[in-house]
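Notes to accompany the following structure.
Heavy atoms only: backbone and side chains are in, while hydrogens, waters and symmetry mates are out.
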Number of protein chains: 2
Amino acid sequence: MPSLTRIIERHIQELLERNGEESVFLSRKDLAERFGCVPSQINYVIRSRFTPERGFLVESQRGGHGYIRIIRLRMKKPEERANHIEELVGDVISEQEIKKLLANLQERKILTARERLLIEVAIRFQEQLCREMFDLSPFKREALHAELLKRLLRSIVLL
Amino acid sequence: MPSLTRIIERHIQELLERNGEESVFLSRKDLAERFGCVPSQINYVIRSRFTPERGFLVESQRGGHGYIRIIRLRMKKPEERANHIEELVGDVISEQEIKKLLANLQERKILTARERLLIEVAIRFQEQLCREMFDLSPFKREALHAELLKRLLRSIVLL
DNA sequence: GCGACATTGACTTATTCTGACCAAACCCAT
DNA sequence: ATGGGTTTGGTCAGAATAAGTCAATGTCGC
């Protein structure tokens with residue numbers, strides 16, 4: 001039998017499916033009551049399932065009229081996905097290769113110019129940190145770049 | 001059911017939208033009457049929603065023909081926006097504040113949802129690295145987040 | 001029995017709403 | 001012109017509400 005976490009995850013996904021809504025507003029208190037669990041269980045479900053890495057944004061507000069809002073992002077044109085990001089990026093990647101890859105994705109309209117810029121800036125900053133603050137080897141730096149790049153691309157390209 | 005605060009906020013925003021006005025004059029008393037609340041609720045709405053951080057200025061006058069005027073700041077020049085963001089982020093910023101800031105920037109159409117997602121992923125990755133690999137103090141991590149966030153936002157806001 | 005994932009609850013933090021009291025600007029009678 | 005009454009907005013603190021954090025504990029597959 002599935003875990004409570006799974007059941008609650010399903011429930012939230014179902015709410016999102018309804019009418020293809022792009023977001024749902026939840027009440028942590030009510031959800032916890034409905035599923036007979038402690039409220040912080042809901043935080044666990046969200047923390048482990050509805051992460052930005054998986055294409056979700058979460059907003060919340062405490063206090064009176066509080067809520068948890070889950071926003072699902074999806075591609076406008078699913079056929080324009082870049083599959084095989086793992087292969088494209090690999091385990092290690094140079095800045096040169098990153099630039100080429102990003103240019104290509106932009107060319108194919110998978111990324112906008114601004115998105116590409118964000119990715120380049122994020123990677124450049126990480127490069128600087130790893131080099132100047134932590135004195136990592138070039139190999140380690142390229143491995144970290146590969147990891148960061150994959151996460152970034154997966155989050156917005158593989159929706 | 002949205003909160004009263006939210007409803008009043010919407011109402012004021014709508015008044016601003018009309019004809020793209022850059023400011024509105026309100027009567028605290030009348031507003032409170034219309035929405036069936038105590039007058040100081042209006043102050044709360046303004047204090048919490050129409051702040052300089054969100055790009056508003058507020059003037060008011062007591063007595064006889066008193067009023068509250070809400071002015072929406074228009075940052076046309078990219079350089080202005082960049083400075084604004086510089087201030088918003090500061091030298092140190094918590095993840096909580098980052099999330100609120102990004103939601104706000106999206107609300108103001110300064111960011112798209114996808115861009116917001118990319119930024120969240122980049123920051124989360126840095127957080128993970130700084131915590132797990134380099135064991136940095138919370139303060140240092142927040143300082144690095146501020147730096148990364150500023151660079152990311154500056155890069156695309158200047159376009 | 002180990003490790004990852006799941007569950008719990010005590011404690012913390014944030015937001016909304018209200019009402020009592022304060023301060024300023026106006027207006028009119030003198 | 002002036003001073004007190006009226007009109008209008010401002011401040012602050014407290015009660016109620018609801019979400020977040022974190023660390024301890026439990027569970028299940030290997």
Distances under 3.5 Å between protein N/O atoms and the N/O atoms of nucleotides 23-30 of chain D, please, pair by pair.
none

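Taking CD of A:Gln106 as the start and CD1 of A:Ile119 as the end, the distance is 10.5 Å to the nearest 0.5 Å. Going from atom CZ of A:Arg124 over to atom NE2 of A:His145 covers 11.0 Å, rounded to the nearest 0.5 Å. Between atom CG of residue B:Asn104 and atom CZ of residue B:Arg49 there is a gap of 11.0 Å, rounded to the nearest 0.5 Å.
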>> Evaluate B:Leu153 against B:Leu111 for side chain to side chain contact (heavy atoms under 4.5 Å, CB included), listing each step before the verdict.
In response: CA-CA 9 Å; B:Leu153 291 175; B:Leu111 288 182; 4.1 Å; yes
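Under the 4.0 Å criterion applied to side-chain N and carboxylate O atoms, B:Glu22 and B:Arg72 are not assigned as salt-bridge partners. Between B:Lys99 and B:Glu95 there is no salt bridge, since none of the side-chain N atoms of the basic residue sits less than 4.0 Å from a carboxylate O of the acidic one. Salt-bridge annotation for B:Arg10 and B:Glu14: absent, with no side-chain N of the basic residue lying under 4.0 Å from a carboxylate O of the acidic one. Salt bridge status for A:Arg154 with A:Glu53: absent, with no side-chain N to carboxylate O gap under 4.0 Å. Using a cutoff of 4.0 Å between basic side-chain nitrogens and carboxylate oxygens, B:Lys76 and B:Glu80 are not scored as salt-bridged. Salt-bridge annotation for A:Glu59 and B:Arg116: present, with a side-chain N of the basic residue lying under 4.0 Å from a carboxylate O of the acidic one.
Residue-level contact check: A:Gly63 touches the bases, meaning some heavy atom is under 4.0 Å from a base atom. Within the 4.0 angstrom heavy-atom criterion, only backbone atoms of the sugar-phosphate kind lie near B:Lys100; the bases stay farther away. Backbone-only contact: A:Arg49 has heavy atoms under 4.0 Å from sugar-phosphate atoms and none from a base. Across all strands, B:Leu4 comes closer than 4.0 Å only to sugar-phosphate atoms, never to a base (heavy-atom distances). Residue contacts for B:Tyr44: at a heavy-atom cut-off of 4.0 Å it reaches a base atom on one of the strands shown.
Under the 3.5 Å distance criterion, the side-chain polar atoms of A:Ser40 are left unmatched by any main-chain donor or acceptor of A:Asn43. Distance alone, capped at 3.5 Å, is enough to place a donor-acceptor pair between the A:Ser27 side chain and the A:Asp30 backbone. Remark: the backbone N or O of A:His65 is not paired with any side-chain donor or acceptor of B:Arg6 at under 3.5 angstrom. At least one donor-acceptor pair closer than 3.5 Å links the side chain of A:Ser155 to the backbone N or O of A:Leu152.
Near DNA chain C, meaning a heavy atom under 4.0 Å away, the residues from residues 24-41 of chain A are A:Cys37, A:Val38, A:Ser40, A:Gln41. For DNA chain D, none of the residues of residues 87-94 of chain B falls under the heavy-atom distance limit of 4.0 Å. The stretch residues 123-142 of chain B does not touch DNA chain D, since none of its heavy atoms comes less than 4.0 Å from the strand.
A donor-acceptor contact closer than 3.5 angstrom is absent between the side chains of A:Gln41 and A:Arg28.
Counting to the nearest Å, the P atom of D:dC22 and the CD atom of B:Glu95 are 10 Å from each other. B:Asn43 places its CG atom 8 Å from the C1' atom of D:dT11, with the value rounded to the nearest Å. Remark: C1' of D:dT17 and CD of A:Gln61 are 12 Å apart, rounded to the nearest angstrom.
Along DNA chain C, read 5' to 3', the first and last nucleotides having any atom under 4.0 Å from a heavy atom of chain B are C:dT15 to C:dC27.
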Check residues 132-139 of chain A and write down every donor-acceptor pair under 3.5 Å in which the side-chain atom is one partner and the other belongs to a residue at least two apart or another chain.
{"residue": "A:Ser137", "atom": "OG", "partner": "A:Lys140", "partner atom": "N", "Å": "3.1"}

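The 5' end of DNA chain D is approached more closely, in terms of each residue's nearest nucleotide, by A:Gly64 than by the other of A:Ile68 and A:Gly64. Position along DNA chain C of the nearest nucleotide to A:His65 versus B:Gln96 favours B:Gln96 as the more 5'-ward residue.
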